[in-house]
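Both ligands and their constituent atoms are indexed starting at 1 by order of listing.
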Amino acid sequence: MKAREVLTHFMAIAQAAAAMMAVMGQGSGGGGGIPTTLDGPFDPVTRRLDPSLRSGSNDLPMDHPRLKKNVTSSFPEQISLALSADPSSMWVSWVTGDAQIGKNVTPLDPSSVASEVWYGTKSGKYASQQDGKSTVYSQLYPFEGLLNYTSGIIHHVRLEGLEPGMTYYFKCGDSSVQAMSDEYSFKTMPSPGPNAYPSRIAVIGDLGLTSNSSTTINHVIKNDPALVLMVGDLTYANQYLTTGGQGASCFSCSFPNAPIRETYQPRWDGWGRFMEPLTSRVPMMVIEGNHEIEPQVDGITFQSYLTRFAVPSEESRSNSSFYYSFNAGGAHFIMLGAYVDYNITGTQYSWLMDDLHRVNRSLTPWVVAAWHPPWYNSYNSHYQEFECMRQEMEALLYQYKVDIVFNGHVHAYERMNRVYNYTLDPCGPVYITVGDGGNIEKVDVDFADDPGKCPKPDDNKPEFGGLCHLNFTSGPAKGNFCWSKQPEWSAYRESSFGHGILEVVNSTYALWTWHRNQDAYKEDTPGDQIFIVRQPKLCSPTTKETSDPPQGAQESEPTSPSSTVILSSKMMWLMSLLVALFGIVVR
Ligand SMILES: [Fe+2]
């Protein structure tokens, strides 16, 4: 065994031992330890907002030091990384040149600046070079009084032939005009396999570009992630110009005569600079939200999202930046598009079915899915908004036993008990909403079960797809659109800004921690923390076929895993740990 493998093995064992200590420190009675999903389903808990925390969410100004351009025209800026489908490759992206905004704009020539990355495993020595592609986009509003925009040159280079789990140093730019960046570094993901995972995976949603967004990103950086999932609604560029940075709850109400919802694209450049301290060294995987739609003339949409971000669409066979998948160690991630066709008859669904079918759970035991609007949501905001998508896709995710689902869209935090088809189910995914990144629209505080807060079915119209609202057909909310108390599938909900960190320990245990922004500057106690535990024998993707037709909201008696299952799972895990320890001793 090589020295690095020995070290990696020891680190994995140490991680597992730490997790075991935490688990063994708690029992069914709690005892102050970290709970596990095996202890669930949990009685619903609500932590209401301290109203004093709901203020101070204005947008950062364009001349803010974190948004201002700090390089001359041809030098790279907004440097960011994204994973390809496997650890042997990595996308490096950046922007050169000056964007223009005004009545008359002239697109830059993308071929006028080269796209080079020099890289290697030793600082200052770049044994390899890879060239890539470059492009520009324009956002056009040929209406009186509105401004057109054309971007700087956006460069994407895919590095290949990388070693897993290795630190690489790189510079990017155009050496022919002596415009290479400073040196940056990144670490590749571990190879797919059940015993190696990225150390910490940050999950952020609905970030925006406000003072609260700053706190979130500072907090994320402090938590030192190896990978970032960004689950949609990135910059809120479409809220900036027309609201003066103050936010408007209803655009069409505030601007009834506007010919089109104008976005202020320089916010994207500001956001790229704002994120660079994180994204230039940690890969960030994005998926689109409704704020990325950004309609312009001729029905063109999503131009900024599609042009600025490199995602492994070809590498994961989706050939679409709206949905794709990738591996990070023993975890397979599936990023789904809620604002493109998600119907059973569509190409996304076919791709998803194929992608799930091809997952080898002995190599990537964990399957994590993410998309923007949640299916399970007990807040008043966006309540049952994407019920159509749930009815189309939920059975497929359940059939293949997706372990965790991350969403945003609702500007608050909520973690669900394991659930399938609105029925508590020990083999359903753990759904978690983290749309609490801190954008200008402020945190959501009302619940659909609050007196007088149940929305009318068409209050929450999706920006894509139809309405499929149905009343619950059984259980405590039978005959009603809303519950009269926190639904039993909602385990914990809190109206605070923050982000989450997922730490996969081994093939069955992963620690989820939600960090509140207000805890960032004091002793950082978790806002919510739980071990998410897989039960591959109980919940096999192949042995439990899902023949239930998609249907409306239903309820049934909660089903909790038996104590025998809990005990056997913990014993099996302990045994596997001992085998690992023994294995390292005899080598
Ligand atoms: Fe959203």
Side-chain angles (χ1 to χ4, degrees), residues 57 59 203-210 212-213 216 228-240 242-243 247-254 261 263-264 267-268 271 284-295 301-306 308-309 321-323 335-340 342 369-390 393 405-414 431-446 448 455 458-467 493 495-500:
S57 187
D59 272 327
V203 190
I204 310 169
D206 302 67
L207 180 61
L209 200 43
T210 70
N212 282 322
S213 318
T216 301
V228 174
L229 298 186
M230 185 68 72
V231 296
D233 284 1
L234 312 182
T235 68
Y236 287 73
N238 67 335
Q239 295 287 72
Y240 181 72
T242 48
T243 65
S249 57
C250 169
F251 181 85
S252 58
C253 307
S254 302
R261 185 169 183 150
T263 78
Y264 191 65
R267 296 299 286 177
W268 280 97
W271 195 83
M284 176 177 71
M285 309 307 288
V286 298
I287 199 66
E288 74 277 11
N290 51 307
H291 285 270
E292 278 67 70
I293 298 174
E294 301 190 310
T301 54
F302 288 107
Q303 278 304 286
S304 185
Y305 169 79
L306 291 172
R308 290 175 184 269
F309 298 105
S321 293
F322 293 123
Y323 50 90
M335 311 294 275
L336 294 179
Y339 300 92
V340 292
Y342 48 66
W371 62 89
H372 184 59
W375 295 346
Y376 290 94
N377 163 40
S378 68
Y379 286 82
N380 162 294
S381 176
H382 305 301
Y383 183 74
Q384 283 204 23
E385 187 174 286
F386 272 77
E387 181 66 8
C388 294
M389 185 186 180
R390 184 189 74 79
M393 288 186 150
V405 171
F406 291 117
N407 301 116
H409 201 41
V410 175
H411 300 159
Y413 176 73
E414 186 167 22
Y431 290 84
I432 297 174
T433 299
V434 284
D436 57 343
N439 69 71
I440 195 168
E441 292 183 336
K442 298 182 181 177
V443 74
D444 286 322
V445 296
D446 294 326
D458 60 355
D459 279 353
N460 293 316
K461 288 182 183 166
E463 292 184 54
F464 181 86
L467 287 170
R493 58 188 186 183
S495 301
S496 293
F497 290 130
H499 74 279

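- Screening Asp59, Thr210, Asp206 for a side chain to side chain donor-acceptor pair (under 3.5 Å) with Tyr236, the sole residue that qualifies is Asp206.
- Phe322 and Phe302 have their aromatic ring centers within a separation under 6.0 angstrom.
- With respect to the Fe ion (ligand 1), Asp233 has OD2 as its nearest N, O or S atom.
- Ring planes of Trp375 and Trp371: tilted class, angle from 30 to 60°.
- Computed with the Fe ion (ligand 1) at the centre, the His409 ND1 to Asn290 OD1 angle is 100°, stated to 10 degrees.
- None of the N, O or S atoms belonging to His291 lies under 2.8 Å away from the Fe ion (ligand 1).
- Defined by atom type and a distance below 3.5 Å, a donor-acceptor pair is present between the side-chain atoms of Glu385 and His409.
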